[in-house]
Amino acid sequence: MRLSARDLTLGYDQRPISEHLDLEIPDGRLTVIVGPNACGKSTLLRALARLLRPSAGQVVLDGEDIHAYPAKEVARRLGLLPQTSIAPDGITVADLVARGRHPHQKLLRQWSERDEAAVVNAMAATGVTDLSGRLVDTLSGGQRQRVWVAMVLAQETPIMLLDEPTTFLDIAHQIELLDLCLRLNREQRNTMVAVLHDLNQACRYADHIVAMKAGAVVAQGDPKAIVTAELIEDVFGLPCRIIDDPETNTPLVIPRSHHANRRNDVRQPLRR
Amino acid sequence: MVVAEGRPGVSAQRPAGLAAGDAGRSGVLLLLVAALAATCVLSVAAGTRTIALGTVWDAFAHFAGTEEHVIVRELRVPRTLLGLLAGAALGVSGAVLQAVTRNPLADTQILGMNAGAALFVVFAIGVLGLTGIWSYVWFAFAGVAFATVLVYALGSIGRGGATPLRLTLAGVALGAVMSGASAGIRLVKPRAFDYLRFWDVGTLAGRPAQIAVAVAPFVVLGLGLALAAARSLNAVALGDDLARTLGAGVVRTRVLSVLSVTLLTGAATAAVGPIGFVGLMVPHAVRRIVGPDQRWILAYTMICAPILLLGADIAGRMLIRPAELQAGIVTAFLGAPVLIWLIRRRAVSGR
């Protein structure tokens, strides 16, 4: 287990968000963290990425406290795609992807053939090679998000963390991006952890699902084994039915309708 | 940075847009260095009294003590050297500030740093009666540091922390207050007023020859720190979170940048007075040529800013001969229209 959290207490300004949290991220698998808004998913991801120092406990990377490593060493093992990123004005796709090589460069040996190969491969894997000379400002949302994934990929880290990578994309681009992540995970065997909002997508793509509520991990495991109507009601407070996704046989969450059994009543005045 | 030279196998599969045209950018940089050299020669030769290039050469090769030789060696060369140093310092400090704050409108003048340096220098000269550059250059540094801390503190009060907009507002407000305080000191100290009259608009003329020598180490150190931070500034441009997960020390980069800006602004302000717009204009223009890579932006700014400042100084000497227009006034006249053009351009592109 390369990445894990032990007895983690996290919070901002003495306001605890998670307490005594334990989590193990399975190697080489795609792990998806789900949970309601403000349940501490992003906070946990930030702690795993060394962006937030836990007030107690530790994040363990390859057997050692993640804060014991130099920043660059962590950056060669673990990459993060934040929820929102800033593309500098007037940067080309290839130059942005090349910035992912930062942790591999030194002051005097700034750009090597390996850097170049990593950028070429990352752009090929994400299908943005044809865009390489374009300005990032001129791309569509879907293209831009693929470019950001390429940048993190160029970092060549065995572990990749993605914070809500599909948030600003339409449904087709969401599926395209998740397919891309799954393919990268299968081909390159790297460990991926993504925070997602859509439960059905989480069930479809995750090898391992982590359900969080109020800062705690409520359940984790194979989506088929753990995603039940009781769990969803407990975590999200949403009454639902679970059926089989006809495409993938993974759980499909169908929220219960308040109007389903009263279809005839709908035409009647609401207040009687 | 310099890649793929003599490695055709690599450059063949090189994706378009990857550090597009490093060779081209190096070539243009060389041309600009040549232009800077030409500007320096012109700055030594041109003026109220135009001196033939042959005479300029003789002033160094066969110094005969003629009036023209003395003008070249005692006045024009130190003035040109001062323009070189101050120009590079003003330009690069602006470029570093814009990069580290991710704010294209950041500038030592807009963030109140020039006004801070000026206030402290005016205090040193007007109230304490110090007149040697060696004594008041320290006041300039202290003034920049004072303004930086105050603007940052004022800009980060309340929820949300120091956003670019708040920092800009705090800088403009504090700059106005500090400029007012400087004006107050000058009014009640007529003797200082006289000494400060020229320093105040920013000019390369009439500075003691040793000033360039005195500020040179600070400028060189400041430029070195800026270059050392360049690569990390590229990472910081992507946002703090990404910079940190890319292994760039965000705090270290900020500290290096602030140190660099303090040294450069303090040295330039102490030497030539508050000259605005160079730090705003040059990095902007340069960015349009070389793109967003800070290493190129800094290198180009370092060459282009002295061209602008020396050019402004030469223009000031030629325009109303035999009198002179201060370089600070010329850059302001050039700078205001450029600023308006920049703002209009951004409005049109919707950002």
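When the shell of 6.0 Å around CG of A/D170 is examined, it contains more than 12 heavy atoms from other residues, nucleotides or ligands. Surrounding CZ of A/R183 are more than 12 heavy atoms belonging to other residues, nucleotides or ligands, all under 6.0 Å away.
Across every non-hydrogen atom of B/P292 and A/G90, the tightest pair is CD-O, 3.4 Å. B/D293 and A/R99 get closest at one heavy-atom pair: CA-NH2, 3.6 Å. Minimum heavy-atom separation, A/H102 to B/A235: CD2-CB, 4.0 Å.
When the side chain to side chain donor-acceptor pair (under 3.5 Å) test is applied to A/T191, no partner is found at least two apart in sequence or on another chain. Annotation: side chain to side chain donor-acceptor pair (under 3.5 Å) contacts of A/R76 (sequence neighbours excluded): A/E73.
The structure places CG of B/N234 at 7.5 Å from CD1 of A/I91, a figure rounded to the nearest 0.5 Å. Rounding to the nearest 0.5 angstrom, the gap separating the CD1 atom in A/I86 from the CG atom in B/L242 is 9.0 Å.
Side-chain contact check for B/T245 versus A/R50: every heavy-atom pair is 4.5 Å or farther apart. A 4.5 Å side-chain heavy-atom check between A/M151 and B/L238 finds at least one atom pair inside the cut-off. When side chains are defined from C-beta on, B/R287 does not count as touching A/D89, because their heavy atoms never get closer than 4.5 Å.
The contact between A/L96 and chain B is made entirely by side chain atoms (from C-beta outward), counting heavy-atom distances below 4.5 Å. Contacts of A/R101 with chain B are absent, with no heavy-atom separation under 4.5 Å from either backbone or side chain.
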Requested in this report: Verify side-chain contact (heavy atoms from CB on, under 4.5 Å) between A/K72 and B/L246, making sure each step is shown before the conclusion.
Outcome: CA-CA 7 Å; A/K72 273 205 167 175; B/L246 284 172; over 6 Å; no
